[in-house]
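Worksheet: one structure, shown below.
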Number of protein chains: 2
Amino acid sequence: MTPPKPYYQDDLATIYRGDSFDILPYLSGIGAVVTDPPYSSGGAFRGDRMQSTSTKYVQTGTQAYRPEFAGDNRDQHSFLVWASLWLNAARNACVPGAVLASFIDWRQLPTLSDAIQAGGWTWRGIAVWSKGFGRPTPGRFSNAAEYVLWGSLGAMAERDAYPPGLFTAQPPRGEREHIAQKPDEVMGWVLGLVPPGAVVLDPFMGSGSTLVAAKSLGFRCVGIECDERYCETAARRVSQEMALSF
Amino acid sequence: MTPPKPYYQDDLATIYRGDSFDILPYLSGIGAVVTDPPYSSGGAFRGDRMQSTSTKYVQTGTQAYRPEFAGDNRDQHSFLVWASLWLNAARNACVPGAVLASFIDWRQLPTLSDAIQAGGWTWRGIAVWSKGFGRPTPGRFSNAAEYVLWGSLGAMAERDAYPPGLFTAQPPRGEREHIAQKPDEVMGWVLGLVPPGAVVLDPFMGSGSTLVAAKSLGFRCVGIECDERYCETAARRVSQEMALSF
DNA sequence: GCCGAGAATGAATCCATCC
DNA sequence: AGGATGGATTCATTCTCGG
């Protein structure tokens, strides 16, 4: 097969439209994988998980068009297999010492930690995004955090940076490009793990928040997304972002 | 066998000295299990985990006597089996709808979530104790939190309380009764999950922080601890604690 | 008594070194 | 080869002590 043609490209950012499993074999030289994959979560019971994404996740306010996102209906076993496979494929595109950071919710956290190790990465910890009080439920702990599982490909490069293991930021309200969109400052916090000069890869780009934050920090970055609408959104957002000059 | 004799007892609190597996079969009517078991953690490598508690966890400076605590040297497989067994034994002492909350660190969180489910409980979420910045390590996310895995035995009772899923408190400094001692306010936060009138059980009591907090909130409570020195410490602390009057 | 400077400390982690 | 040992590292907070 011929190498894929970028959907979008500028001096720092590259976007490929397609399935990660098809694109990843053509990539190399990646120094950091930072992503927010589909969680396949959304309920304790199989019936709850199999609802459409727009039904099972709450959406309020006036909404831009947000297509369903694919690949969010796996059961736990399938999620483990699928996540192990993409983590392995991403690893093959990486240089030694590359770092990994993946968002996940509480329900799939244990499964993703298994997948990280099954995919050949060293799991090194959990970082916490504190979202404030979170959604209250009577008699239960509120759902106040999302989690970032992180690790590396062998020994990590020595660095003189000390990113905090917990970061507080309000979740986005109202208008969003994507139902699971993360605030830019949250992405910037996670990118604090990435050594200067590393190429950042997001194999589940969505609306492109990872690339926007990476570009603004001066990282070269690569995004993969199968939904053309999201590719369009991400290309627009990334093209409007100015990189820091050094 | 005859039922065990309490090591200590007052109007609200009861302490048994012995192994949880020996004592639990005699207990019943428990409405909440709140505990901080040995993590069997302390390092990425087997050699590190196998150290004595005083070696692998930092203890320096002038300190009160703090004995080693037992059962902190299991490998991951043994930890899963052992945790499943005590969770199952504790469940058998519980009434329907009982709640469970167990502290754990990042490394053993996935394993404990498996054990909770293997032990017959419904796992319902993760609550976060934010400890501030945490201990720094160059180039990595700081270790800024410990975690509380919580769940229930079937459906939970309806309640009019909304405990936060994330709680911030500094870890205790200097003089402590136990190397892993939790601040009283942290225990009080976790007890926010417990319905009024429930009997609180801590099968790994240690220096008794769970019982101190439970008694001060007016809960009846039961603690089990195999080390006599810790039983003594806990009995002293619990006896000095005054219960809220209603 | 209050304030500020300096010291001490943490369920840590990594790695070189020695058996 | 692999397990045990010891040293170096770091930031935010608390503690100590002197002025």
Side-chain angles (χ1 to χ4, degrees), chain A residues 96-97 99 122-128 130 150-168 189 192-193 195, chain B residues 35-64 66-76 79 83 102-112 128-149 168-187 190 202 204-207 209-210 227 230:
Chain A
V99 297
T122 302
W123 180 40
R124 292 186 181 271
I126 302 174
V128 179
S130 167
W150 65 279
S152 72
L153 197 45
M156 297 173 68
E158 303 222 341
R159 289 186 55 210
D160 190 28
Y162 297 84
L166 186 141
F167 186 79
T168 302
W189 161 62
L193 187 68
Chain B
T35 193
D36 189 14
Y39 294 173
S40 294
S41 197
F45 304 101
R46 188 171 166 279
D48 293 332
R49 285 192 301 275
M50 292 301 166
Q51 309 273 331
S52 71
T53 49
S54 58
T55 306
K56 70 183 179 179
Y57 304 126
V58 175
Q59 294 188 45
T60 49
T62 57
Q63 307 264 339
R66 296 201 298 248
E68 310 282 320
F69 57 97
D72 197 43
N73 302 90
R74 289 171 237 273
D75 66 24
Q76 201 161 40
F79 181 81
S102 175
F103 283 87
I104 199 66
D105 71 348
W106 69 269
R107 200 185 295 281
Q108 296 286 31
L109 191 159
T111 306
L112 184 64
V128 179
W129 170 31
S130 166
K131 300 196 287 186
F133 186 87
R135 178 172 277 233
T137 313
R140 296 138 199 259
F141 286 121
S142 68
N143 215 335
E146 285 185 42
Y147 304 91
V148 177
L149 296 194
T168 302
Q170 290 298 320
R173 296 265 154 174
E175 293 283 330
R176 284 167 296 167
E177 312 277 2
H178 190 288
I179 188 176
Q181 189 169 345
K182 302 289 180 286
D184 290 346
E185 66 263 36
V186 171
M187 300 312 302
V190 173
D202 184 351
F204 306 98
M205 184 183 62
S207 57
S209 296
T210 303
D227 190 306
Y230 284 132

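Predicted model, so just to flag it, every value in this text is computed and none were measured. Throughout, a chain's letter reflects where its sequence line sits, starting with A, and its residues are numbered from 1.
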Taking only the side-chain nitrogens and oxygens of [X], find out if one of them lies under 4.0 Å from OP1 or OP2 of [N].
X	N	answer
N143(B)	dT13(C)	yes
R176(B)	dG10(C)	yes
R107(B)	dA12(C)	no

Suppose we screen for side-chain contact (heavy atoms from CB on, under 4.5 Å). Which residues come up paired with [X], at least two apart in sequence or across chains?
X	result
Q170(B)	none
A169(B)	W129(B), F167(B), E185(B), V186(B)
S130(A)	L166(A), T168(A), L166(B)

Exercise for the section: Classify the nucleic acid contact of W106(B) as base, sugar-phosphate or nothing, counting any heavy atom under 4.0 Å across all strands shown. Expected result: sugar-phosphate
Problem - Touch class at under 4.0 angstrom, heavy-atom based, for P37(B) against every strand present - result: base
Exercise for the section: Answer with yes or no whether D36(B) presents, from its side chain, a donor or acceptor under 3.5 Å of a partner atom in the base of dA11(C). Expected result: yes
Exercise for the section: Can you run through DNA chain C from 5' to 3' and write each base as (, ), [, ], | or . depending on how it pairs? Watson-Crick or G-U wobble, both distances under 3.5 Å. Expected result: .|||||||||.||||||||
For [X] and [N], what is the distance between atoms [atom1] and [atom2] respectively, to the nearest whole Å?
X	N	atom1	atom2	answer
W150(A)	dT13(C)	CH2	C1'	10 Å
F141(B)	dT13(C)	CZ	C1'	16 Å
E146(B)	dA12(C)	CD	C1'	12 Å
Y147(B)	dA11(C)	OH	C1'	13 Å
E158(A)	dA16(C)	CD	P	10 Å

Cut-off 3.5 Å, no hydrogens considered: what does the side-chain donor-acceptor table look like for residues 141-149 of chain B, sequence neighbours left out?
residue : atom : partner : partner atom : Å
S142(B) : OG   : G165(A) : N            : 2.9
S142(B) : OG   : F133(B) : O            : 2.5
E146(B) : OE1  : Y39(B)  : OH           : 2.6
E146(B) : OE2  : K131(B) : NZ           : 3.0

Problem - side-chain hydrogen bond (donor to acceptor under 3.5 Å, both in side chains) involving S102(B) - partner list, sequence neighbours excluded - result: none
Problem - Test of ring centre spacing under 6.0 Å for W106(B) and W123(A) - result: yes
Fill in the blank from the handout: Note: for W129(B) and R140(B) on DNA chain C, the residue whose nearest nucleotide lies more 5' is W129(B)
Quick one: which protein N/O atoms are closer than 3.5 Å to N/O atoms of nucleotides 9-13 of chain D? Pair and distance per line, please.
residue : atom : partner : partner atom : Å
dT10(D) : O2   : P136(B) : O            : 3.4

Practice task
Would you list the pairs meeting side-chain hydrogen bond (donor to acceptor under 3.5 Å, both in side chains) in which at least one residue belongs to residues 153-166 of chain A, sequence neighbours left out?
Solution key: none
Completion exercise
Picking from dA11(C), dA12(C), dC15(C), the nucleotide nearest the side-chain atoms of Y39(B) would be dA11(C)
Handout entry: Residues in salt bridge (Lys or Arg N to Asp or Glu O under 4.0 Å) contact with D36(B), at least two apart in sequence or another chain
Key = K182(B)
Exercise for the section: Determine whether F79(B) and P38(B) make a side-chain contact, defined as any pair of heavy atoms from C-beta on separated by less than 4.5 Å. Expected result: no
